[in-house]
Amino acid sequence: MRMILMGPPGAGKGTQAKVLAQRFGIPHISSGDLLRDAARRRTPMGVQAKRYMDRGELVPDNILLGSIEERLHGPDCATGFILDGFPRTLAQAEALDKMLAGMGAKLENVISIKVPRDEVVKRISGRRTCRNCGALYHVIFDPPTNPGLCNKCNAELFQRDDDQEDTVLARLEVYERATAPLLDAYRRASVLREVNGIGSQDQVLARVLEQVQTGG
Ligand code: AP5
């Protein structure tokens with residue numbers, strides 16, 4: 001199954017994608033995670049990308065698209081994948097269409113998680129991520145058992161560099177300007193399914209699963 005999860009920063013895309021990936025046995029491909037990993041390893045691509053990420057801006061396609069395409073050709077993607085955070089613009093959606101056509105594959109699900117701005121700001125400001133395994137927590141909505149430590153691997157939790165208030169507001173503005181037109185395009189093409197992202201993680205998961213088409 002090939003799925004795109006869309007939604008504003010902090011909507012819960014990563015949270016839901018991790019569970020869906022386990023349930024369907026397919027990889028979770030987060031463009032943000034790919035870029036953060038490259039930045040952490042200080043690869044040339046990562047160093048360039050970090051400059052944009054720290055300002056809350058989109059990383060240019062000439063920096064990002066190659067690594068997405070390479071990832072989609074990984075052997076673990078043969079039966080499907082969940083894309084989280086990609087595509088985010090009409091141009092990226094066209095690039096994805098071409099990549100999929102080249103692989104003889106087709107997209108089955110485009111799901112958008114809808115969460116209002118005040119809620120995403122609360123979610124992002126309390127988000128903590130495990131430095132080792134990437135597990136996600138929230139200091140109020142989903143706190144770890146031991147503050148600052150991951151329940152799964154006991155490693156340190158950290159706050160993302162781009163989760164500072166100014167950068168979050170810039171990311172929300174970019175979402176409205178660059179990604180909303182893509183949502184409109186998927187809506188017009190009748191492939192978009194929208195899910196209310198307010199409620200517990202399990203409630204949102206149940207709504208997403210109701211919308212998932214497993215294809216054949
Ligand atoms: P990216 O990493 O993709 O960030 P984002 O889209 O801004 O999304 P987030 O990761 O912030 O949020 P999420 O929706 O995954 O929420 P989460 O599950 O963590 O991108 C970062 C940057 O990389 C971009 O700004 C850009 O610079 C660059 N980039 C990435 N992709 C790009 C692209 N395609 N093109 C160009 N540049 C690109 O949840 C958030 C918090 O809420 C967590 O604490 C979680 O525990 C909590 N939570 C989750 N669900 C619930 C719930 N139901 N109730 C209460 N709390 C909840």
Side-chain angles (χ1 to χ4, degrees), residues 4-21 28-39 45-46 48-69 71 82-96 111-130 134-144 150-151 157-164 166-179 182 195-208:
I4 300 174
L5 269 187
M6 299 183 69
K13 303 181 293 295
T15 301
Q16 296 298 331
K18 285 180 201 303
V19 181
L20 291 165
H28 164 207
I29 302 175
S30 154
S31 47
D33 286 348
L34 282 180
L35 292 165
R36 277 184 292 279
D37 181 55
M45 188 266 253
Q48 286 188 69
K50 189 163 179 357
R51 291 207 296 269
Y52 296 91
M53 295 168 83
D54 284 348
R55 296 196 296 256
E57 293 170 9
L58 291 183
V59 173
D61 288 351
N62 63 329
I63 300 177
L64 174 67
L65 289 183
S67 56
I68 296 281
E69 183 156 26
R71 183 66 192 86
I82 300 173
L83 278 170
D84 155 13
F86 183 91
R88 266 167 139 97
T89 62
L90 289 165
Q92 289 184 358
E94 282 168 18
L96 176 64
I111 293 183
S112 167
I113 302 177
K114 291 177 62 166
V115 178
R117 176 181 264 251
D118 56 340
E119 176 69 15
V120 296
V121 172
K122 275 189 228 157
R123 289 187 185 182
I124 291 178
S125 58
R127 169 170 45 202
R128 298 293 181 272
T129 307
C130 175
L136 291 168
Y137 298 89
H138 189 282
V139 291
I140 295 166
F141 305 135
D142 186 14
C150 179
N151 290 351
L157 305 183
F158 76 102
Q159 187 167 23
R160 272 170 41 180
D161 290 345
D162 63 346
D163 280 353
Q164 307 304 320
D166 283 1
T167 318
V168 171
L169 296 178
R171 285 160 58 200
L172 284 166
E173 194 272 321
V174 167
Y175 180 78
E176 290 303 328
R177 180 167 39 82
T179 308
L182 174 57
V195 163
N196 173 8
I198 293 291
S200 70
Q201 294 180 11
D202 286 347
Q203 285 170 326
V204 178
L205 176 66
R207 291 180 203 137
V208 171

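Just follow the structure's listing: the first ligand is 1, and inside any ligand the first atom is 1. In this text, all values refer to a predicted model and were calculated from it rather than measured experimentally. All values below come from the heavy atoms of this structure, side chains included, with hydrogens, waters and symmetry mates left out. For the single chain, residues carry numbers from 1 onward in sequence order.
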Which side-chain hydrogen bond (donor to acceptor under 3.5 Å, both in side chains) pairs, counting each pair once, include a residue from residues 59-68, with sequence neighbours left out?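 For residues 59-68, and leaving out neighbouring residues, the side-chain hydrogen bond (donor to acceptor under 3.5 Å, both in side chains) pairs sorted by first residue read Asp61-Gln92.
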
Hey, what do you get for CD (Gln16) to NE2 (His28), rounding to the nearest 0.5 Å?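 It is 11.0 Å, given to the nearest 0.5 Å.
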
Out of curiosity, Arg123 CZ to His138 NE2, how far, rounded to the nearest 0.5 Å?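 Result: 8.0 Å between the selected atoms.
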
Not counting sequence neighbours, which residues clear salt bridge (Lys or Arg N to Asp or Glu O under 4.0 Å) with Arg88? List them please.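 Per chain and number, Arg88 pairs via salt bridge (Lys or Arg N to Asp or Glu O under 4.0 Å) with no residue.
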
Residues forming a salt bridge (Lys or Arg N to Asp or Glu O under 4.0 Å) with Lys18, sequence neighbours excluded: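 Listed in chain order: nothing, the list is empty.
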
With the threshold set at 4.0 Å, does a side-chain nitrogen-carboxylate oxygen contact exist between Lys50 and Asp161?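 Salt bridge: yes.
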
Contact residues of ligand 1 with a heavy-atom cut-off of under 4.0 Å?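 Answer by chain and number: Pro8, Pro9, Gly10, Ala11, Gly12, Lys13, Gly14, Thr15, Ser31, Gly32, Leu35, Arg36, Met53, Glu57, Leu58, Val59, Leu64, Gly85, Phe86, Arg88, Gln92, Arg123, Arg127, Leu136, Tyr137, His138, Phe141, Arg160, Asp162, Arg171, Gly199, Ser200, Gln201, Val204.
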
